[in-house]
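Below is one structure; the comments refer to it alone.
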Amino acid sequence: NRKFSLLPPVVVATTPMSSPSSPLKNRYFAARHGTSTANVQHLIASDPELHHAYGLTEQGEELIRKRANGLLVRFGPEEAAAFHICTSPFLRAVQTAQIYCDVLKCPTPTVDTRLRERFFGALDGKSDKEYESVWAEDRRSTTHCYYGCESLESVKQRMVEVIRELEQTHAAKNVLLVSHGDSLQILECAMMGKPLTRHRQLPPLGQGGLRAIATNEHVLSSAPIPSEALQAGAMATLRRLLAWFSTDGAVPGSHRLISIGISHFCEKVRWALDLSGMPYTEDAHPPGMHFFWTLPATKGKASMTPVLCAPDGRVMWESSDILEYLQAQNPKLKELLFPESLSRSEIDGWVEYMDSVVGPHARVFAYFYLLSGEETARTVLQAGCNSTIERVLVGREARRIAGAIKRALCVNADSAAESEQACVEAFQRISEALEQRQSKYLCGDCFSAADLSFAALAYPLVYTEDLTHAFPPLRALPAPYRELVLRLRETTAGKHALRMYREHRHAPGSVRMVVPRAGRSRNRVPLALLGGVAVAAAATATGLWMAWKSYRQS
């Protein structure tokens, strides 16, 4: 048996290994290490005896500073300094934890061997393409040790023990767990009560990724996760069916933005693309059906939107990562979103705050009210959808699709109330920042990515004119939603968001196209075929029922 000891042993609890009960005393955040030299070399580096190898690259260090500044903006200096940081002993994780510590000015990180990388056995030191060999077995078994790798159950046990111990020794703490991709996503599955075999179906925690760890009672769970059947044959079959009615892909030489029409995170990327003047094609789909385009485009690595496919074959799926890519490709956009006259760390901090607080809470609050009524849900779900089959499916199944989305995102009355309060507090904080600075913008005297991120992610809360194509009229909203919109519009932050839309949203010269969908003439054939199949299936079922009935009577 392979030994994993590389530091003095940590006391291990002897209680049964199961997920911690909710509610928890502390709030936990999963932080994956930044880009390391092993990542750049595309190597699997999981051997505990080589934990001192493969530190962070300069790019990885910069990424972690940006994440840390986001936490600092989100929690403020006093609360940030009270963070408790635990880290894996691997060098890349220790360096990541130290950067968080330096920026947040919190106590020295605690090194815990149980947070180490999952060991990949004989695959260690080989190409990271070999991960797929283990993940394929993960989908079938939680106890397998193929190639000498560490089993899912083993990783879960040691990661959950860390939570158990912290629950016994700390209370009301924000705890940052700095670890590795598989280890953290296996822990997330355990905390949410999901099968460990689905750990690769969680939204990927990319290099430098940071997010709150949800439990099965948490109000802000991760993005909806497609079922295993959807991931396999069912998804491929339905996608072929949808392809009969639509085309996808970008115009040659342009970028392709796979989006959800009503998504405020997609609006953030759409806004940046419009400002850049770069030609792009928008491929919009209803929530729940976007999986059939995002999963193939990202090769199963991400199910959420936005996804940007570049002409050179690169694919990105985090809104902030897409903005980073766009500004690197376009000097004009870089100067507009990250002006040299402003503090880059302050801009990054605000962007991270918008992504982690304003965006998720605005989504939960808006979805609770917009998806509660069937007619309203149908209007919202069909927004931006120009595919015949998708519009038909959404129109007929709006209530069921809305219910599935609400269950997947844990949207209910309690989570909506909590998110409403979080939105109000966020607007108060942003209002105070604008009033204290006494400037027209969040970070200084000119527009930046911080202002764009706030306005885009807050647009369901202030109901800008750009919403008229996707959302019901303001007067038609449920009373609690309408009252919050009117209240937030009167705040300094609300007025700021509306002004950003008026003055900066639509840039002259922007080139946006919509993926062309098949017209009615092309749709007649597959519709007729589907109708024939449906009639044949009904006739067959009727015939079998009548034969069975005759047999019983005889």
Can you see which heavy atom on [X] is nearest to which on [Y], and at what distance?
X	Y	answer
Ala449	Leu323	CB-CD2, 4.5 Å
Val307	Ala297	CG1-CB, 4.4 Å
Ser356	Pro360	O-CG, 3.6 Å
Val155	Ser183	CG1-CA, 3.9 Å

Could you tell me whether the side chain of [Y] reaches within less than 4.5 Å of the side chain of [X], counting heavy atoms only?
X	Y	value
Leu257	Pro306	yes
Leu115	Val162	yes
His290	Ser259	no
Leu43	Asp128	no
Tyr146	Ser133	no
Lys268	Leu452	yes
Val411	Ile405	no
Tyr280	Asp274	yes

Check whether the side chains of [X] and [Y] place a donor and an acceptor atom closer than 3.5 Å, and report yes or no.
X	Y	answer
Ser276	Asn330	no
His285	Asp283	yes
Asn26	Tyr28	yes
Trp135	Asp182	yes

[X]: which residues meet the ring pair (Phe, Tyr, Trp, His ring centres under 6.0 Å) condition with it, sequence neighbours left out?
X	answer
Phe454	Phe427
Phe365	Tyr369, Tyr481
Tyr325	His255
His170	His84

Enter the distance from [X]:[atom1] to [Y]:[atom2] here, rounded to the nearest 0.5 Å.
X	Y	atom1	atom2	value
Ile262	Arg363	CD1	CZ	10.5 Å
Gln327	Leu275	CD	CG	13.5 Å
Ile347	Phe338	CD1	CZ	6.5 Å
Ser263	Arg270	OG	CZ	7.5 Å
Trp271	Leu337	CH2	CG	10.0 Å

Got a sec, which residues hit salt bridge (Lys or Arg N to Asp or Glu O under 4.0 Å) with [X], two or more places apart in sequence or on another chain?
X	value
Arg344	Glu324, Asp348
Glu79	none
Asp124	none
Glu130	none

Would the number of heavy atoms belonging to other residues, nucleotides or ligands and lying under 6.0 Å from CD of Gln59 be above 12? no
Would you find more than 12 non-hydrogen atoms of other residues, nucleotides or ligands less than 6.0 Å from Phe75 atom CZ?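 Above 12, so yes.
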Considering only distance and modelled atom types, tabulate donor-acceptor pairs under 3.5 Å from the side chains of residues 91-108, sequence neighbours left out.
from, atom 1, to, atom 2, distance (Å)
Arg92, NE, His33, NE2, 3.3
Arg92, NH2, Ala45, O, 2.6
Gln95, OE1, Leu56, N, 2.6
Thr96, OG1, Gly34, N, 3.2
Thr96, OG1, Arg92, O, 2.7
Gln98, NE2, Asp102, OD1, 2.9

Is the gap between the ring centers of Tyr54 and Phe90 under 6.0 Å?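 Between Tyr54 and Phe90, the centre distance exceeds or equals 6.0 Å.
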Under the side-chain hydrogen bond (donor to acceptor under 3.5 Å, both in side chains) test, residues paired with Thr294 that sit two or more places apart: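 Partners of Thr294 under the side-chain hydrogen bond (donor to acceptor under 3.5 Å, both in side chains) test: none.
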Does [X] use its side chain to pair, donor to acceptor, with the backbone of [Y] at less than 3.5 Å?
X	Y	value
Ser415	Cys410	yes
Thr57	Thr35	yes
His361	Val358	no
Arg67	Gly208	yes
Glu167	Lys25	yes

Salt bridge (Lys or Arg N to Asp or Glu O under 4.0 Å) between Arg158 and Glu161, worked out: CA-CA 5 Å; Arg158 59 179 170 85; Glu161 280 177 356; over 6 Å; no
Are [X] and [Y] within salt-bridge range, i.e. N to O under 4.0 Å?
X	Y	value
Glu188	Lys194	no
Arg400	Glu397	yes
Glu352	Lys66	no
Glu137	Arg140	yes

Anything under 30° is parallel, anything over 60° is perpendicular, the rest tilted; go ahead and classify Phe29 against Phe83.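 Because their plane-to-plane angle lies in the 30° to 60° range, the rings of Phe29 and Phe83 count as tilted.
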Partners of Ser127 by side chain to side chain contact (heavy atoms under 4.5 Å, CB included), sequence neighbours excluded? Lys129
Which residues satisfy the side chain to side chain contact (heavy atoms under 4.5 Å, CB included) test with Ser151, sequence neighbours excluded?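 Ser151 satisfies side chain to side chain contact (heavy atoms under 4.5 Å, CB included) with Cys145, Glu153, Ser154 only.
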Arg118 and Asp138: salt bridge (Lys or Arg N to Asp or Glu O under 4.0 Å), yes or no, with the steps? CA-CA 13 Å; Arg118 180 188 185 185; Asp138 286 350; 2.8 Å; yes
Between Ser88 and the options His180, Arg116, Arg114, the side-chain hydrogen bond (donor to acceptor under 3.5 Å, both in side chains) test singles out His180
